[in-house]
Trainee: 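Quick one: the structure is below, questions incoming.
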Amino acid sequence: MAVRHLLVDKTEMIMMVPQKKKYITRNAVFSDIRQIEFSSFEERQFLFLKKASEKITIHFTKGWEPLVYTRMKEKKFFDEYKNELERFCKENRIQLIKK
């Protein structure tokens, strides 16, 4: 069963961040987010096989590391994440970069 790792509200986001074998929860309001980036890259599918894919990178104003969600790891919800984040950026005036 697939689980959502990103929940977007009107002014805040709740993110599940992978840490070794478990996930930790991180909350961020719109002022904690510097920019969100949608870009394409090559993702490893198996050991040697690379496939064209997409990723979402969330950059924070705090000292947090950028958070990355890839299409292959978030297959079921990736397009929903993109739509919700586009609306979130527009409503909260956050820089959105599409590469």
Side-chain angles (χ1 to χ4, degrees):
M1 184 169 130
V3 177
R4 285 184 65 102
H5 293 124
L6 179 67
L7 299 171
V8 181
D9 194 9
K10 194 170 187 171
T11 59
E12 70 177 326
M13 294 178 7
I14 300 171
M15 302 154 284
M16 300 289 286
V17 182
Q19 294 290 322
K20 295 185 182 176
K21 294 184 180 182
K22 61 180 180 174
Y23 284 89
I24 60 169
T25 305
R26 185 181 291 174
N27 296 344
V29 294
F30 70 93
S31 60
D32 295 337
I33 300 168
R34 188 176 71 227
Q35 71 184 18
I36 296 176
E37 179 180 336
F38 299 155
S39 59
S40 57
F41 78 113
E42 288 188 351
E43 188 171 5
R44 286 183 187 246
Q45 189 170 10
F46 294 109
L47 193 57
F48 299 107
L49 202 67
K50 288 187 178 179
K51 186 177 179 183
S53 184
E54 293 179 278
K55 68 179 177 177
I56 298 171
T57 308
I58 303 170
H59 300 274
F60 300 97
T61 57
K62 296 181 177 182
W64 295 346
E65 290 289 320
L67 185 58
V68 178
Y69 292 104
T70 62
R71 179 172 288 283
M72 289 180 72
K73 291 182 181 175
E74 303 290 334
K75 290 178 188 175
K76 188 172 181 181
F77 302 111
F78 192 81
D79 290 324
E80 292 176 25
Y81 292 169
K82 284 180 67 171
N83 292 335
E84 291 172 1
L85 288 171
E86 281 186 43
R87 189 179 72 243
F88 182 80
C89 288
K90 186 176 179 181
E91 290 175 357
N92 295 299
R93 297 181 180 158
I94 296 173
Q95 183 179 12
L96 178 65
I97 300 171
K98 296 181 182 179
K99 292 184 180 180

Trainee: Before giving the answer on side chain to side chain contact (heavy atoms under 4.5 Å, CB included), spell out for Ile56 and Phe78 the whole-Å C-alpha distance, their side-chain angles and the decisive distance to 0.1 Å.
Mentor: CA-CA 9 Å; Ile56 298 171; Phe78 192 81; 3.7 Å; yes
Trainee: Atom CD of Glu84 and atom CZ of Arg4: how far apart are they, to the nearest 0.5 Å?
Mentor: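 If we round to the nearest 0.5 Å, Glu84:CD and Arg4:CZ are 4.5 Å apart.
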Trainee: Can you check whether Lys10's main-chain N or O pairs, donor with acceptor, with Asn92's side chain at less than 3.5 Å?
Mentor: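 Here the side-chain-to-backbone pair exists.
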Trainee: Closest approach of Met15 and Ala28, non-hydrogen atoms and distance?
Mentor: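 What the structure gives for the nearest pair is CE-CB, 3.6 Å.
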Trainee: When rounded to the nearest 0.5 angstrom, what is the spacing between CD1 in Ile58 and CD in Glu65?
Mentor: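 The CD1 atom of Ile58 sits 14.0 Å away from the CD atom of Glu65.
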Trainee: Measure the shortest side-chain to side-chain distance between Met13 and Leu85 over non-hydrogen atoms and say whether it is less than 4.5 angstrom.
Mentor: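 The answer is yes; the side chains approach within 4.5 Å.
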Trainee: Looking at CD of Glu91 and CZ of Phe30, how far apart are the two atoms once the value is rounded to the nearest 0.5 Å?
Mentor: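 Between Glu91 CD and Phe30 CZ, I get 11.5 Å after rounding to 0.5 Å.
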Trainee: Do you know which two heavy atoms are closest between Gln35 and Ile94, and how far apart they sit?
Mentor: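 Residues Gln35 and Ile94, closest heavy atoms: CA-CG2, 4.0 Å.
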Trainee: Side-chain heavy atoms under 4.5 angstrom apart, residues restricted to Ile, Leu, Val, Met, Phe, Trp, Tyr: same cluster for Ile33 and Ile24?
Mentor: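 They do share one cluster, since a chain of ILVMFWY contacts under 4.5 Å joins Ile33 to Ile24.
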Trainee: Do Leu67 and Leu96 land in one hydrophobic cluster if side-chain heavy atoms of ILVMFWY residues count as linked below 4.5 Å?
Mentor: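 They do share one cluster, since a chain of ILVMFWY contacts under 4.5 Å joins Leu67 to Leu96.
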Trainee: Do Lys98 and Lys82 come within less than 4.5 Å of each other through their side chains, counting heavy atoms only?
Mentor: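 No - every pair of side-chain heavy atoms lies 4.5 Å or more apart.
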Trainee: Out of curiosity, Thr70 OG1 to Lys75 NZ, how far, rounded to the nearest 0.5 Å?
Mentor: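 Interatomic distance, Thr70 OG1 to Lys75 NZ, rounded to 0.5 Å: 10.0 Å.
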Trainee: Would you mind reporting whether Phe77 and His5 have side-chain heavy atoms less than 4.5 Å apart?
Mentor: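 No; the side chains remain at least 4.5 Å from each other.
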Trainee: Salt bridge (charged side-chain N to carboxylate O under 4.0 Å, His left out) with Arg71: which of Glu80, Glu54, Glu42, Glu43?
Mentor: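 That would be Glu54.
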Trainee: Which atoms form the tightest heavy-atom contact between Thr61 and Ser31, and what is the distance?
Mentor: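 Looks like OG1-O, 3.3 Å.
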Trainee: Which atoms form the tightest heavy-atom contact between Phe60 and Arg34, and what is the distance?
Mentor: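 Answer, listing the atom of Phe60 first, then Arg34: O-NH1, 3.7 Å.
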Trainee: With heavy-atom distances below 4.5 Å as the criterion, would you say the side chains of Trp64 and Val17 are in contact?
Mentor: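 No, too far: nothing below the 4.5 Å cut-off.
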Trainee: Grab the two heavy atoms, one from Tyr69 and one from Met16, that are nearest each other, plus how far apart they are.
Mentor: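 Looking at all heavy atoms of both residues, the closest pair is OH-O, 3.4 Å.
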Trainee: Mind listing the closest non-hydrogen atom pair of Thr11 and Phe88 along with its distance?
Mentor: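 Reported closest heavy-atom pair: C-CE1, 3.7 Å.
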